[in-house]
Amino acid sequence: MIPGGMRRLFFSSESVTEGHPDKVADAISDSVLDAVLSADRMGRVACECLVTTGLAVVAGEITADHAVDLEQITRSAIRELGYDGFDPDFSADSIRVDIEIHQQSADISAGVGTSMETRQGSDDPLDIMGAGDQGIMFGFAVDETDQLMPLPISLAHRLSQQLAAVRKSGAVPYLRPDGKTQVTVEYEGRRPIRVTSVLVSAHHEPGIDIDGRMRTDLWDQVVLPVVPEILRSSGMAFFVNPSGRFEIGGPPSDTGLTGRKIVVDTYGGYARHGGGAFSGKDPTKVDRSAAYAARHAAKNVVAAGLAAKCEIQLAYAIGRAAPFSVLLDTFGTEQVNPDKLEKLVADYFDFRPAAIIERLQLRRPVYRATSSYGHFGRSGEGFTWESTAAATGLAASAEAL
């Protein structure tokens, strides 16, 4: 405890670069999804990928009116990630690509295409689509950063992005695509006050002086541009490749799988997670679309000033349009009655899959960009769930409660 009884906390989050094996798999899966949606916006996709030494396996279910060249998509994604020949054990042009794809189950397709509500007589067009799976999804926002994301995961992602940027620009020319970052933030109560440690593990060419040249380069080119001076303390620890050499990286060092970085993809462990992965899934899969919708709603609650911290849980049954439940938790930071706020959010945001897809424009091929550096706290045209345009109307509705 610190004076006044406020608890001191230390919270850590990690991120990984786009060349991490699991992120290679995610990028392939989302590249396949984008290609299918470009050819057929109503296409159904559940694409999983495994990458390892000399091999990429692309498997799952695709139902679409137009075929896409899955092998070419896979090789292009791998090449764009930087595996362009420097390592003979995993190179875009020489790996074997195995394709194991079939159509979506007719049973699942029937539940998605005609919801339980429609079968029971509803003529509401937004009731027609049932959820593509059962499950629970969470969305979260907190006022710690401009993006309304937790500070630890926000910094970890920015460090990973910067690590990739200095590799691509040639500013640190000996770097290779794989890498991980980790940040620990000290809190007083719920207020972040400083960064206590930064860890960067960077894939590199053979023969690099890790404790000398690399440490200096990563501090100057990666850490200083990302961690604000106000959050750096004289005692901030900085770790570089604590295991030593990182010359073997990417899929030859560790088999990668789609959907294995679900905490990195969301809130860095700061908020709860329903367990469902995102990459390779079309928006009829509520694992993805409802998680985006819950983030959108939670972010607008915080942006509207109705709470400093907000988590929303949605629960679905496969084939049913309406969620089973909508739960809102503001952790005691709410500015209006929490029961009324929960009802307001449930009324203000339509969480039926068809409504989510329409509101957030999720049938566009925008998903490759989400496959690394997190699905939330991002900017750009494709990240519609990050918009706070609903905050003004939500605040006005709250005033009328």
Side-chain angles (χ1 to χ4, degrees), residues 10-24 51-53 81-91 151-187 192-256 260-261 263-264 268-269 372-374:
F10 297 85
F11 194 90
S12 302
S13 291
E14 72 158 351
S15 176
V16 297
T17 65
E18 62 213 56
H20 183 280
D22 296 328
K23 285 293 145 195
V24 174
V51 287
T52 189
T53 303
L81 293 171
Y83 294 100
D84 53 6
F86 72 84
D87 185 346
D89 287 333
F90 194 78
S91 174
L151 182 62
I153 189 63
S154 179
L155 289 175
H157 280 322
R158 288 174 57 201
L159 287 167
S160 288
Q161 288 174 302
Q162 184 68 6
L163 187 62
V166 298
R167 170 180 63 86
K168 294 174 183 177
S169 71
V172 185
Y174 52 81
L175 292 178
R176 287 179 168 173
D178 199 354
K180 301 179 79 171
T181 64
Q182 186 168 291
V183 176
T184 300
V185 174
E186 180 181 353
Y187 287 77
I193 59 170
R194 68 186 184 109
V195 175
T196 61
S197 68
V198 170
L199 186 156
V200 179
S201 293
H203 185 196
H204 60 85
E205 294 177 357
I208 298 301
D209 177 6
I210 296 170
D211 294 327
R213 180 185 179 187
M214 176 180 279
R215 182 181 178 85
T216 298
D217 285 347
L218 296 186
W219 176 259
D220 291 341
Q221 301 285 337
V222 176
V223 177
L224 292 184
V226 169
V227 181
E229 186 175 0
I230 195 172
L231 291 175
R232 298 196 303 264
S233 68
S234 58
M236 186 179 83
F238 178 45
F239 302 92
V240 175
N241 289 21
S243 67
R245 293 181 303 168
F246 190 177
E247 295 173 5
I248 302 170
S253 69
D254 184 15
T255 296
R260 199 161 59 180
K261 284 289 177 284
V263 171
V264 171
S372 53
Y373 312 118

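Here the closest non-hydrogen pair linking V195 and M236 is O-CG, 3.4 Å. Nearest heavy-atom pair across A202 and N241 is N-OD1, 2.7 Å. Nearest approach of L155 to L231, heavy atoms of both residues: CD1-CD1, 4.5 Å. In terms of heavy atoms, D178 sits closest to G250 at OD2-N, 2.8 Å. The two residues H203 and G249 come nearest to each other via the heavy atoms NE2-N, 3.3 Å. Here the closest non-hydrogen pair linking I208 and E205 is CG1-O, 3.3 Å.
Among residues two or more places apart in sequence or in another chain, the side-chain hydrogen bond (donor to acceptor under 3.5 Å, both in side chains) test is passed with Q162 by none. Annotation: side-chain hydrogen bond (donor to acceptor under 3.5 Å, both in side chains) contacts of T255 (sequence neighbours excluded): T52. Among residues two or more places apart in sequence or in another chain, the side chain to side chain contact (heavy atoms under 4.5 Å, CB included) test is passed with D87 by D89, P252. Scanning for side-chain hydrogen bond (donor to acceptor under 3.5 Å, both in side chains) contacts around S197 gives T184, with sequence neighbours left out.
With hydrogens and angles ignored, the 3.5 Å screen pairs no side-chain donor or acceptor of S372 with any backbone N or O of E18.
Between R194 and R232 the shortest side-chain heavy-atom distance does not fall below 4.5 Å. L175 places a side-chain heavy atom less than 4.5 Å from the side chain of V166. You'll find the side chain of V198 stays beyond 4.5 Å of the side chain of F239, heavy atoms only. A 4.5 Å side-chain heavy-atom check between Q182 and S13 finds every atom pair outside the cut-off. Residues T196 and V185 form no side-chain contact, since every pair of their non-hydrogen atoms from C-beta on lies 4.5 Å or further apart. A 4.5 Å side-chain heavy-atom check between E186 and P192 finds every atom pair outside the cut-off. Counting only heavy atoms from C-beta outward, the side chains of I193 and Y187 never approach each other to under 4.5 Å. Taking the side chain as every heavy atom from C-beta outward, V183 and S12 never approach each other to under 4.5 Å.
For the side-chain hydrogen bond (donor to acceptor under 3.5 Å, both in side chains) condition, the pairs that include at least one residue of residues 208-227, sequence neighbours left out, are Y174-D217. Within the structure, the side-chain hydrogen bond (donor to acceptor under 3.5 Å, both in side chains) test picks out the following pairs touching residues 151-161 (sequence neighbours left out): S15-H157, S15-S160, S160-T181.
Ion pairing between a basic and an acidic side chain is recognised when a charged N comes within 4.0 Å of a carboxylate O; K261 and E14 show no such pairing.
Atom CG of residue L218 and atom CG of residue L224 lie 11.0 Å apart, to the nearest 0.5 angstrom.
For H204 and F246, the ring centers sit 6.0 Å or farther from each other.
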Given side-chain contact (heavy atoms from CB on, under 4.5 Å), test V223 with F238 step by step and report yes or no. CA-CA 9 Å; V223 177; F238 178 45; 3.5 Å; yes
Might you work through the side-chain contact (heavy atoms from CB on, under 4.5 Å) test for Y373 and V264, ending with a clear yes or no? CA-CA 8 Å; Y373 312 118; V264 171; over 6 Å; no
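Crowding of I248 atom CD1: a count of heavy atoms from other residues, nucleotides or ligands under 6.0 Å not exceeding 12.
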